[in-house]
Amino acid sequence: MTTDTDIAANLAAIRARIAEACIRANRDPGAVTLVAVSKTHPQEAVIAALAAGQTIFGENRVQEAQAKFPGLRAGHPSMRLHIIGGLQTNKARDAVAVADVIESIDRPKLAAAIADAMAKTGRRPDCLIQVNTGDEAQKSGIPRAEADAFIRAAHGEYGLPVTGLMCIPPVEGDPRPHFAYLRELAARHGLSVLSMGMSGDFEAAIAEGATHVRVGTAIFGHRPAPA
Ligand SMILES: *Cc1c(COP(=O)(O)O)cnc(C)c1O
């Protein structure tokens with residue numbers, strides 16, 4: 001079990017490694033935002049991280065986010081929640097209601113549903129386009145070949161507040177070419193946010209220009225295997 005003390009110590013260690021990776025890459029040590037991925041871990045773990053000064057969190061399931069986060073907002077006005085997991089269109093409205101950032105916009109139908117939910121609720125969380133940089137069949141994200149057109153449509157046709165891109169490289173192999181590809185794609189579209197890098201590869205992502213890293217296991221410990 002990961003205790004509150006472990007969470008505080010893990011956060012401090014990750015923050016130090018982020019700052020060191022920035023310095024190695026000749027970047028400002030404050031240039032990278034840590035998104036603490038609390039999925040599957042109880043609300044107590046989020047509270048321990050908040051007590052240790054962490055304010056930005058990531059959840060991959062909307063329902064779990066709804067159970068854990070709204071109750072914490074009043075006491076933690078600077079807290080921000082990123083939805084980072086694959087979204088069904090019927091969850092668009094709940095996602096727009098609960099999130100400050102939605103990182104997983106990956107297809108026209110979802111973009112349309114998110115735009116519709118924004119119009120109805122008046123909330124406009126920042127949006128990232130998730131790119132399937134490895135073109136893996138089982139993975140969410142827009143395929144490489146469709147990425148340019150979809151990024152333009154998300155902005156133009158759907159009017160989403162798109163601020164950047166997100167990717168999850170294939171488990172096998174060097175992630176760096178995937179991170180570099182995402183950086184170049186974002187630059188072509190004038191997008192400043194690059195959400196890339198997880199527990200195992202965030203330093204490589206920082207070397208390739210990540211502005212946000214999403215770290216779960218290295219902060220909160222191992223997740224129970226899915227049932
Ligand atoms: C779970 C998850 C993470 C965190 O992964 P760790 O390897 O535990 O750091 C990052 N991004 C996404 C999209 C995730 O689903």
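For clarity, every value in this text was computed on a predicted model and none was experimentally measured. Note that ligands are numbered from 1 as they come in the structure, with each ligand's atoms numbered from 1 the same way.
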For ligand 1, which atoms, with element, lie under 4.0 Å from some heavy atom of Val215?
9 (O)
One finds that the ligand 1 atoms under 4.0 Å from a non-hydrogen atom of Ile168 are 13 (C)
Among protein heavy atoms, which lies nearest atom 11 (N) of ligand 1, and at what distance?
Arg214 NE, 2.8 Å
Determine whether any heavy atom of Arg223 lies closer than 4.0 Å to an atom of ligand 1.
yes
Do me a favour and list the nearest non-hydrogen protein atom to atom 9 (O) of ligand 1 with residue, atom name and distance?
Ser199 OG, 2.5 Å
For Glu146, which residues count as a side-chain hydrogen bond (donor to acceptor under 3.5 Å, both in side chains) partner, sequence neighbours excluded?
none
Please go through Ile23's hydrophobic cluster and name the other residues, only I, L, V, M, F, W, Y counting, with side-chain heavy atoms under 4.5 Å joining them.
none
Residue and atom name of the nearest protein heavy atom (relative to atom 10 (C) of ligand 1), distance in Å to one decimal
Met198 SD, 3.2 Å
Do His189 and Asp148 have side-chain atoms, one donor and one acceptor, less than 3.5 Å apart?
yes
In Asn10, Thr3, Thr2, the residue satisfying side chain to side chain donor-acceptor pair (under 3.5 Å) with Asp6 is Thr3
Atom 14 (C) of ligand 1 sits nearest the protein heavy atom Lys39 NZ, 3.0 Å
Heavy atom of the protein closest to atom 12 (C) of ligand 1 (residue, atom name, distance):
Ile84 CD1, 3.5 Å
Checking side chain to side chain donor-acceptor pair (under 3.5 Å) between Lys68 and each of Glu44, His41, Glu59, Gln43, which is the one that passes?
Glu59
For atom 8 (O) of ligand 1, find the nearest protein heavy atom and state the residue, atom name and distance (0.1 Å precision).
Thr217 OG1, 2.5 Å
No-hydrogen, no-angle side-chain donor-acceptor test under 3.5 Å, Thr121 and Arg93
no
Provide the number and element of each atom of ligand 1 under 4.0 Å from a heavy atom of Gly216.
4 (C), 6 (P), 8 (O), 9 (O)
Test log, rule salt bridge (charged side-chain N to carboxylate O under 4.0 Å, His left out), inputs Glu203 and Arg17:
CA-CA 8 Å; Glu203 283 144 324; Arg17 284 172 59 188; 3.0 Å; yes
